[in-house]
Chemist: 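Please read through the structure below; I'll follow up with questions.
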Amino acid sequence: MKILLIGSGGREHALAWAFKQNPKCDELYCIPGNAGIASIAKCKQIDILDNDKILNFCKDKGIDFVMIGPESPLANGLVDFLDKNGILSFGPTKNAAILESSKTFTKMICSKRNIPTAQYKLASSEDEALICLNEFTKPYVIKDDGLAAGKGVFIAETAQEATVALKKIFQLSKPGSKSVVIEEFLHGEEASLFILTDGDNILPLGSAQDHKRAFDNDRGPNTGGMGAFSPAFNISPKIEKKIIDRIVKPTLDEMRKNGTPFCGILYAGLMIIKDEPLLIEYNARLGDPECQVLAIRLGAQLLDILLNCAQKKLLETKISFADDIGITVVIASKGYPGEFQTGKEISGLESLNDDEEIQVFHSGTAFEEGKLVSNGGRVLSVTARAKDLESARKKVYDALTVIQWENGFYRNDIGFKYFKK
Ligand code: AMP
Ligand code: GLY
């Protein structure tokens, strides 16, 4: 079959790598892709928010299945549009993707269905938000309501920092056009669970732990994710059942009841406190870099699983998990998630090519005059699988030493807490 991937990150490179190993995949295209994806798929520069152009591309190439990686095309109704035009795609409709595109909406579902989550207040102006702050103690958690590429959450240690964050969120918005969630800070350990759903049935795809802060020991600003491993050690089968019964199922029921069933991957970002899961947020897609660790563990079967879900054949789908660990470490441009430079040469990747259990997935890369250069904030995710975390960590950190890129930085402590135990 002919498959089109939408996106340009490490997530999409990992999906491309997994799809290519499946004999069902005859031709693989990617819009817009990156330098790494271009080595295994045909990339086309089209705006991922231009639904008409994407449809024309699908018709022109005879695409059988479209896999959508990032949230913005989902929120832009790409699934609805392709469906209306008879093209099978993976992901929720626009009205279901709201579970990610509006934090306010998700909080309201939590209240309605008694889903465990942080206590919260909603505010739609800076003044209102400043008043709400008084109801919380530090650290203050402030969330921009809409999509913000993982950078719309501010954890403020003081009331003054919180005030600055609110000013920043509201400064460029028209009155009434923006809202924030202010919530209680949860002290626990984070984990993510990925649930496949065809609207009626569910199937857990696996778990992972992301590392959101930019620097070692969870310091620095929040990022899109600086590294991850899978499975998450703090999600036991008993906790997974609680997550499904108390959080995922009531949410999906509510979506169905509202006439907007959610199909695709529901990514539950959770805080686990004394074995009790609380919902931090939903995403309507696979995570980046969590997808990289799921993909390296699942391999070619990932295509069959996603295809079955899109075709509403989840009940007949089986996932075979190896008893192994996947780990990924992101190398980002110095300055990320703030300002950074691009166009800086990266070398050394060639020497990693012949180990199947180590893959370097590209995010922000490009080729300029035959050289691989950085072209974004998060640039590469070096990903490995092994029988245990200690071996997986060794593989990934050994691989990182051969990559030469002066302008890059990465965290040295991905998975470290567990490795030390
Ligand atoms: P989100 O985009 O909502 O997942 O938030 C990004 C990150 O901010 C999360 O992964 C957490 O590390 C942190 N965070 C968000 N909400 C809370 C909370 N209520 N308590 C503690 N940390 C939080
Ligand atoms: N790594 C977090 C995300 O994809 O949203």
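Counting convention: from 1, in listed order, for ligands and their atoms alike. Keep in mind that the numbers below use all heavy atoms, side chains included, and drop hydrogens, waters and symmetry copies.
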Chemist: Hey, could you give me each pair passing salt bridge (charged side-chain N to carboxylate O under 4.0 Å, His left out) that has a residue in residues 152-169? Not counting sequence neighbours.
Modeler: Glu126-Lys167
Chemist: Return a yes/no value for Leu186: is any of its N or O atoms, backbone included, closer than 3.5 angstrom to an N or O of ligand 1?
Modeler: yes
Chemist: Given side chain to side chain contact (heavy atoms under 4.5 Å, CB included), test Ile414 with Thr328 step by step and report yes or no.
Modeler: CA-CA 8 Å; Ile414 304 300; Thr328 189; over 6 Å; no
Chemist: For ligand 1, which atoms, with element, lie under 4.0 Å from some heavy atom of Met271?
Modeler: 21 (C), 22 (N)
Chemist: Salt bridge or not between Glu281 and Lys143? Use side-chain N to carboxylate O under 4.0 Å.
Modeler: no
Chemist: Taking only heavy atoms of Asp210, which atoms of ligand 2 are found under 4.0 Å from at least one of them?
Modeler: 1 (N), 2 (C)
Chemist: Do NZ/NE/NH1/NH2 and the carboxylate oxygens of Lys313 and Asp198 come within less than 4.0 Å?
Modeler: no
Chemist: Any non-hydrogen atom of Cys291 lying under 4.0 Å from ligand 2?
Modeler: no
Chemist: In ligand 2, which numbered atoms sit nearer than 4.0 Å to a non-hydrogen atom of Glu290?
Modeler: 1 (N), 2 (C), 4 (O)
Chemist: Are Leu303 and Phe65 close enough, and set up right, to give a side chain to side chain contact (heavy atoms under 4.5 Å, CB included), and what steps lead you there?
Modeler: CA-CA 10 Å; Leu303 175 59; Phe65 177 53; 4.1 Å; yes
Chemist: Tell me, yes or no, whether the heavy-atom count around Lys394 atom NZ, taken from other residues, nucleotides or ligands under 6.0 Å, exceeds 12.
Modeler: no
Chemist: Within a distance under 4.0 Å of any heavy atom of Lys212, pick out the atoms of ligand 2 and give their elements.
Modeler: 2 (C)
Chemist: Output the list of atoms in ligand 2 that are nearer than 4.0 Å to some heavy atom of Gly287, sorted by atom number.
Modeler: 4 (O)
Chemist: Report yes if the side chains of Gln209 and Ile235 come closer than 4.5 Å at any heavy-atom pair, otherwise no.
Modeler: no
Chemist: Using a strict cut-off of 4.0 Å, indicate which atoms of ligand 1 neighbour a heavy atom of Ile280.
Modeler: 3 (O), 4 (O), 15 (C), 16 (N)
Chemist: Under 3.5 Å between some N or O of ligand 2 and some N or O of Asp288?
Modeler: yes
Chemist: Out of Lys212, Glu100, Lys103, Glu190, indicate the one that has the non-hydrogen atom closest to atom 11 (C) of ligand 1.
Modeler: Glu190
Chemist: State, with a plain yes or no, whether a side-chain heavy atom of Arg246 is found less than 4.5 Å away from one of Glu276.
Modeler: yes
Chemist: Numbering the atoms of ligand 1 from 1, which are under 4.0 Å from a heavy atom of Glu183?
Modeler: 16 (N), 17 (C), 18 (C), 19 (N)
Chemist: With heavy-atom distances below 4.5 Å as the criterion, would you say the side chains of Lys53 and Asp47 are in contact?
Modeler: no
Chemist: Within ligand 2, which atoms have a heavy atom of Arg285 less than 4.0 Å away?
Modeler: 3 (C), 4 (O), 5 (O)
Chemist: For the side-chain contact (heavy atoms from CB on, under 4.5 Å) test, which of Ile87, Asp64, Ile31 pairs with Cys58?
Modeler: Ile87
Chemist: If hydrogens are left out, which of Val153, Asn222, Leu278 has an atom nearest to atom 5 (O) of ligand 1, that is, the closest non-hydrogen atom?
Modeler: Val153
Chemist: Can a non-hydrogen atom of Glu184 be found less than 4.0 Å from any atom of ligand 1?
Modeler: yes
Chemist: Taking 4.0 angstrom as the limit and counting only heavy atoms of Asn283, give me the atoms of ligand 2 inside it, by number and element.
Modeler: 5 (O)
Chemist: Going by the order shown, which atoms of ligand 2 are within less than 4.0 Å of some heavy atom of Gly224?
Modeler: 1 (N), 2 (C), 3 (C)
